[in-house]
Amino acid sequence: MQLKVAPSVLSADFLHLEKDIMMLNSCADWIHLDVMDGTFVPNISFGFSVIDAVAPIAKIPTDVHLMVVHPERWFERLAQTGVKYVSFHLEAAGRKTAEFIDRIHSLGMKAGVAIDPDVPVRKLFKYIGKADFFLVMSVFAGFGGQKFIYESIDRVMELKAEITRRGAQALIEVDGGVGESNAGALREAGVDVVVAGSSVFKAESPESVIRVLQNV
Ligand code: DX5
Ligand code: ZN
C-alpha cells in the first residue's frame with residue numbers, strides 16, 4: 001500500500017495559491033488545510049476565506065485540521081464547502097469527542113481525532129471503531145517547519161497495534177516535520193497518510209518530493 005501524501009497549504013505560496021492547488025491536484029492524495037485560532041495554539045493561520053477558495057478547485061479530498069477551541073462550531077460550514085476529512089483535537093473536545101465524531105458523520109464527512117505529542121496515545125483507544133482516522137502530531141501543533149519528534153514513531157506503533165488487535169479500519173495520519181528522512185519509518189510503523197508542509201513546498205520540485213514520499 002502506497003503512503004498517501006497530504007501536503008499542507010500552510011507552507012504554500014499564498015500569492016499563487018491556485019497554481020499550488022493545481023500542482024497538488026496532479027500528484028498529491030489529500031490537501032491538508034490547517035486552521036488555527038490563536039487560542040488553542042499560539043498562532044493564527046487562515047479560515048473560510050481560504051478554505052472556500054480551495055475546496056471548489058480541489059480534485060482530491062480536502063483534509064481540514066482544526067486547531068481551535070470549540071471545533072464543533074465549524075463542522076456544518078465545512079460540510080457546506082465540500083470538505084471530506086475533518087479532524088479536531090482531543091484536547092479541545094474532551095468528553096465531547098464521541099459526540100463530535102457523530103456530528104461530523106451526520107454531515108457526511110469523515111471524522112479524525114488529533115493529539116499533540118504530550119497526550120498519551122491510549123486516550124485515543126476508546127474512539128477506535130468510531131473515528132475514521134487519527135491524527136498523531138509529530139510536532140506541537142501551531143507552526144510549520146518544526147523538527148520531527150522521533151518518539152512519534154513509537155506512538156504510531158502503539159496505536160496501530162491496538163487498531164489491528166481490534167480488527168478496526170481507522171487510518172493513521174502523522175503531521176509535523178515529515179520528509180524523506182522519516183517517511184519510510186512512519187510507513188513501516190503503520191502510518192497511512194503523511195502531512196508534509198515545508199518538505200514539499202520548500203523543495204525545488206514539490207512534485208518529485210510528493211512522489212518520493214508516496215513510494216518510500
Ligand atoms: C502544524 C500543522 C502542520 C504543518 C506541517 O501545526 O498542523 O500541518 O503545516 O508543516 P511541516 O510539514 O512543515 O512540519
Ligand atoms: Zn496540520
Side-chain angles (χ1 to χ4, degrees), residues 2-14 17 20 23-24 27-46 50 63-69 85 87-92 112-124 133-161 171-216:
Q2 266 200 339
L3 203 52
K4 283 188 173 30
V5 178
S8 169
V9 168
L10 195 62
S11 298
D13 176 0
F14 281 80
L17 207 46
D20 280 350
M23 180 274 290
L24 298 184
C27 59
D29 298 285
W30 296 1
I31 297 177
H32 188 80
L33 295 154
D34 289 300
V35 179
M36 304 179 188
D37 66 355
T39 299
F40 181 73
V41 286
N43 194 13
I44 293 175
S45 56
F46 51 74
V50 170
D63 167 36
V64 172
H65 176 193
L66 294 171
M67 286 162 275
V68 304
V69 295
Y85 294 89
S87 61
F88 60 86
H89 275 256
L90 183 71
E91 305 94 296
V113 183
I115 50 168
D116 256 353
D118 59 351
V119 177
V121 173
R122 62 171 189 281
K123 294 213 172 170
L124 294 176
F133 65 108
F134 294 103
L135 176 50
V136 177
M137 291 302 298
S138 40
V139 300
F140 281 87
F143 299 90
Q146 302 181 75
K147 194 171 169 292
F148 181 79
I149 299 173
Y150 217 77
E151 290 73 39
S152 311
I153 292 174
D154 293 334
R155 289 161 60 74
V156 167
M157 286 169 72
E158 189 184 344
L159 178 58
K160 181 69 184 182
L171 298 176
I172 302 180
E173 181 177 28
V174 166
D175 183 4
V178 176
E180 294 174 42
S181 65
N182 47 36
L186 287 168
R187 195 183 59 78
E188 275 169 33
V191 170
D192 304 283
V193 188
V194 287
V195 176
S198 25
S199 65
V200 165
F201 286 104
K202 306 284 179 250
E204 189 109 357
S205 166
E207 291 96 327
S208 8
V209 175
I210 292 169
R211 275 194 203 99
V212 168
L213 295 177
Q214 283 165 334
N215 293 293
V216 287

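Computed from a prediction, not measured in an experiment: that's the story for all the values here.
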Is any side-chain heavy atom of [X] closer than 4.5 Å to a side-chain heavy atom of [Y]?
X      : Y      : result
Trp30  : Leu24  : no
His32  : Asp175 : yes
Lys4   : Val194 : no
Glu180 : Val209 : yes

Going by side chain to side chain donor-acceptor pair (under 3.5 Å), name the residues that satisfy it together with Asp29, two or more places apart in sequence or in a different chain.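 Here the qualifying residues are Gln214.
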Residues two or more places apart in sequence or in another chain: which of them pass side chain to side chain donor-acceptor pair (under 3.5 Å) with Asn215? Gln2
Please find the pair of heavy atoms, one from [X] and one from [Y], that lie closest to each other, and give the distance.
X      : Y      : value
Val69  : Phe40  : N-CB, 3.7 Å
Val195 : Ser8   : CG1-CB, 3.9 Å
Asn182 : Phe148 : ND2-CG, 3.2 Å
Ile149 : Pro117 : CD1-CG, 3.8 Å
Val174 : Ser138 : CG1-OG, 3.3 Å
Val68  : Ala92  : O-CB, 3.5 Å

Would you find a donor on one side and an acceptor on the other, under 3.5 Å apart, between the side chain of [X] and the backbone of [Y]?
X      : Y      : result
Ser208 : Ser205 : yes
Asp20  : Leu17  : no
Ser11  : Phe201 : no
Gln146 : Phe140 : yes
Asp116 : Asp118 : no
Arg122 : Glu158 : no

Let's go through Leu10 and Met36 carefully: what are the C-alpha distance in whole Å and the side-chain angles of both, what is the deciding distance for side chain to side chain contact (heavy atoms under 4.5 Å, CB included) to 0.1 Å, and is it a yes or a no? CA-CA 10 Å; Leu10 195 62; Met36 304 179 188; 3.6 Å; yes
Start with the C-alpha gap between Leu90 and Phe134, add the side-chain angles, then the distance that decides, and say whether side chain to side chain contact (heavy atoms under 4.5 Å, CB included) holds. CA-CA 10 Å; Leu90 183 71; Phe134 294 103; over 6 Å; no
Short side-chain donor-acceptor distance under 3.5 Å, Asp63 and His65: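 Side-chain D/A pair, His65 to Asp63: absent.
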Leu66/His89 under side chain to side chain contact (heavy atoms under 4.5 Å, CB included): CA gap, chis, key distance, verdict: CA-CA 7 Å; Leu66 294 171; His89 275 256; over 6 Å; no
Please report the interatomic distance CD(Glu91) to CE(Met67), rounded to the nearest 0.5 Å. 11.0 Å
Evaluation steps, side chain to side chain contact (heavy atoms under 4.5 Å, CB included), between Val193 and Ile172: CA-CA 6 Å; Val193 188; Ile172 302 180; over 6 Å; no
In a check of side-chain contact (heavy atoms from CB on, under 4.5 Å) between Leu159 and each of Val191, Val136, Asp154, which one passes? Val136
Does atom CE of Met23 have more than 12 heavy-atom neighbours, drawn from other residues, nucleotides or ligands, at distances under 6.0 Å?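 More than 12 within 6.0 Å, yes.
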In terms of the angle between their ring planes, are Tyr85 and Phe133 parallel, tilted or perpendicular, with boundaries placed at 30° and 60°?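 The arrangement is perpendicular - the two ring planes meet at more than 60°.
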